[in-house]
Structures are given as structure tokens and as C-alpha cells.
*Asks:* 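Quick one: the structure is below, questions incoming.
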Amino acid sequence: MKYFKLSELIATNSGLDNTPTPTEKANLIELVDKVLDPLREMYGKPIHVNSGYRSPMVNRKVGGATNSDHIKGMAADITAGSRIENKKLYELIRDNLTFRQLINEHDYKWVHVSYNEKDNKKQELKIV
């Protein structure tokens with residue numbers, strides 16, 4: 001983990017415990033190693049993690065999908081600070097990296113990316 005810290009991947013302002021299990025922690029490290037760190041290297045500027053791991057309670061509180069990859073420690077919502085820059089992140093991931101899901105959220109308000117070593121189907125979605 002070169003550019004990202006575990007603490008930023010488990011941060012929550014929900015007031016609820018958000019401590020990952022060893023398996024979820026390992027998944028977060030793999031997400032960083034396979035997607036986020038290489039993305040940061042290519043992009044050349046800081047990337048902010050809005051949401052990484054979410055315990056089931058945190059996920060419910062924020063209205064996340066019940067089958068969300070966030071619960072498994074396999075997903076992050078990221079931003080570079082603007083829709084234009086977020087679109088660049090999206091395109092860098094799409095064109096250069098392996099991923100399970102890549103989602104343009106609300107016209108690039110943020111980008112969701114997930115990674116699962118066993119199921120990287122490179123699914124692209126758009127949420128309006």
C-alpha cells in the first residue's frame with residue numbers, strides 16, 4: 001500500500017463500528033495493490049476515498065446495496081475533486097486496469113470501483 005492507508009479505507013462518519021475482519025482487510029489490501037495504487041501512479045495526483053469498507057451496519061445506515069462489494073472490502077468510491085477529473089479516473093481504470101465493477105455515479109460525481117481476484121468481469125455501469 002504505497003499511496004493509501006487502511007485508515008482511509010475504513011473511515012466512516014456513521015458513529016458505528018467499522019472494523020474489518022482479517023478477510024475483509026486482505027480484500028482491501030488487494031484492492032489497493034491491484035487497482036488504487038496503480039491508478040494513483042498513472043494519474044499522478046492525489047485521489048480521495050469517499051467510502052471503502054462498510055460493515056453491514058454502516059452499509060445499511062448509508063443505504064448501500066445489500067450485496068455491495070463494500071461489505072466484503074472489495075470496493076471503493078473515489079474522487080479526484082471534480083466531475084472532469086473523476087471521468088479521467090474512470091477512463092484510466094477502464095482502459096488500463098482489471099476490475100469487477102466500474103460505476104459512473106451521478107455523472108461522475110464519484111467513481112465506484114471493485115476488485116475480486118476470482119470474478120473480475122469488467123462490468124461497467126452508470127447510475128443517474
*Asks:* Determine, step by step, whether Leu97 and Val113 satisfy the side-chain contact (heavy atoms from CB on, under 4.5 Å) criterion, reporting the C-alpha distance in whole Å, the side-chain angles of both residues, the deciding distance to 0.1 Å, and the verdict.
*Replies:* CA-CA 11 Å; Leu97 298 169; Val113 63; over 6 Å; no
*Asks:* Let me confirm one number: the CG-CE distance from Asp37 to Met42, rounded to the nearest 0.5 Å.
*Replies:* 11.0 Å
*Asks:* If we count only N and O atoms by modelled type, under 3.5 Å, do the side chains of Tyr115 and Glu117 hold a donor and an acceptor together?
*Replies:* yes
*Asks:* Between the main-chain N or O of Val128 and the side-chain N or O of Asp107, is there a donor-acceptor pair closer than 3.5 Å?
*Replies:*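 No, Asp107 side chain to Val128 backbone: no donor-acceptor pair under 3.5 Å.
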*Asks:* Which heavy atom in Arg54 sits nearest to a heavy atom in Ser68, and how many Å separate them?
*Replies:* NH1-OG, 4.2 Å
*Asks:* When you look at CD1 of Ile84, are more than 12 heavy atoms from neighbouring residues, nucleotides or ligands closer to it than 6.0 Å?
*Replies:*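 Not buried by this count: 12 neighbours or fewer within 6.0 Å.
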*Asks:* Locate the shortest heavy-atom distance separating Ser14 from Val58; write the atom from each residue and the value.
*Replies:* OG-CG2, 3.5 Å
*Asks:* When you group the ILVMFWY residues by side-chain heavy-atom contacts below 4.5 Å and let the links chain together, are Leu92 and Val32 in the same group?
*Replies:*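 Linked within one cluster.
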*Asks:* Mind checking whether Ser55 and Asp17 have side chains closer than 4.5 Å, heavy atoms only?
*Replies:*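 Contact flag for Ser55/Asp17 side chains = no.
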*Asks:* Verify whether one side chain among His112 and Asp69 offers a donor that lies under 3.5 Å from an acceptor in the other.
*Replies:*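 No, no side-chain donor-acceptor contact under 3.5 Å.
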*Asks:* For Leu102 and Tyr90, run side-chain contact (heavy atoms from CB on, under 4.5 Å): C-alpha distance rounded to whole Å, both residues' side-chain angles, the deciding distance at 0.1 Å, then the answer.
*Replies:* CA-CA 7 Å; Leu102 182 61; Tyr90 183 98; 3.4 Å; yes
*Asks:* Would you say CG of Asn13 has more than 12 non-hydrogen atoms from neighbouring residues, nucleotides or ligands within 6.0 angstrom?
*Replies:*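 No.
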*Asks:* ring-ring contact (aromatic ring centres under 6.0 Å, His included) with Phe99: which residues, sequence neighbours excluded?
*Replies:*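 Phe99 satisfies ring-ring contact (aromatic ring centres under 6.0 Å, His included) with no residue once adjacent residues are dropped.
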*Asks:* Find out if a path of hydrophobic residues (ILVMFWY) with successive side-chain heavy-atom gaps under 4.5 Å connects Ile47 to Leu31.
*Replies:* yes
*Asks:* Hey, does Val111 have a side-chain heavy atom less than 4.5 Å from the side chain of Glu105?
*Replies:* no
*Asks:* Apply side-chain contact (heavy atoms from CB on, under 4.5 Å) to the pair Asn50 and Lys109, showing each step before the final yes or no.
*Replies:* CA-CA 11 Å; Asn50 293 337; Lys109 188 171 183 181; over 6 Å; no
*Asks:* Can you confirm whether the side chains of Asn18 and Thr12 place a donor and an acceptor under 3.5 Å from each other?
*Replies:*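 Looking only at side-chain atoms, Thr12 and Asn18 do not form any donor-acceptor pair under 3.5 Å.
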*Asks:* First locate atom CG of Leu89, then atom NZ of Lys45, and finally report the distance between them rounded to the nearest 0.5 Å.
*Replies:*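 Reported value, rounded in 0.5 Å steps: 9.0 Å.
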*Asks:* For Ser82 and Glu85, which I'm curious about, is there any donor-acceptor pair between the side chains at under 3.5 Å?
*Replies:* no
*Asks:* Between CG of Leu28 and CG of Asp33, what distance do you get to the nearest 0.5 Å?
*Replies:*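 Output value for this atom pair is 11.0 Å.
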*Asks:* Starting at CE of Met1, measure out to CD of Glu8 and round the result to the nearest 0.5 Å.
*Replies:*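 The distance works out to 7.5 Å.
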*Asks:* Using modelled atom types and a 3.5 Å cut-off, is there a donor and acceptor pairing between side-chain atoms of His48 and backbone atoms of Ala80?
*Replies:*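 Judged by distance alone, no pair lies under 3.5 Å.
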*Asks:* Tell me whether Tyr108 shares a hydrophobic cluster with Leu36, the cluster being built from Ile, Leu, Val, Met, Phe, Trp, Tyr side chains joined at under 4.5 Å.
*Replies:* yes
*Asks:* Which residues pass the ring-ring contact (aromatic ring centres under 6.0 Å, His included) test with His106, not counting sequence neighbours?
*Replies:* Trp110
*Asks:* Can you name the nearest heavy-atom pair linking Leu16 to Lys61, along with the distance?
*Replies:* CD1-CD, 3.9 Å
*Asks:* Return the OG to CD distance between Ser114 and Gln123, rounded to the nearest 0.5 Å.
*Replies:*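 CD of Gln123 is found 8.0 Å from OG of Ser114.
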*Asks:* Is the closest side-chain heavy-atom distance between Lys34 and Thr98 below 4.5 Å?
*Replies:*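 Lys34 does not reach Thr98 side chain to side chain.
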*Asks:* I'd like to know whether Tyr53 forms a side-chain contact (heavy atoms from CB on, under 4.5 Å) with Ile10, so could you lay out the CA-CA distance, the side-chain angles of the two residues, the decisive distance to 0.1 Å, and finally the verdict.
*Replies:* CA-CA 5 Å; Tyr53 170 72; Ile10 64 172; 4.1 Å; yes
*Asks:* Around atom NZ of Lys122, are there more than 12 heavy atoms from other residues, nucleotides or ligands closer than 6.0 Å?
*Replies:* yes
*Asks:* Is Val62 reachable from Ile71 through a run of I, L, V, M, F, W or Y residues, each pair having side-chain heavy atoms under 4.5 Å apart?
*Replies:* no
*Asks:* Minimum heavy-atom separation for Asn120 to Arg100, with atom names?
*Replies:*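 Taking every non-hydrogen atom into account, OD1-N, 3.1 Å.
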*Asks:* For the CG atom of Asn104 and the CD atom of Glu124, what is their distance to the nearest 0.5 Å?
*Replies:*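 It comes to 9.5 Å.
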*Asks:* Return the minimal non-hydrogen interatomic distance between Ile78 and Asn86, and the atom names on each side.
*Replies:* O-OD1, 4.5 Å
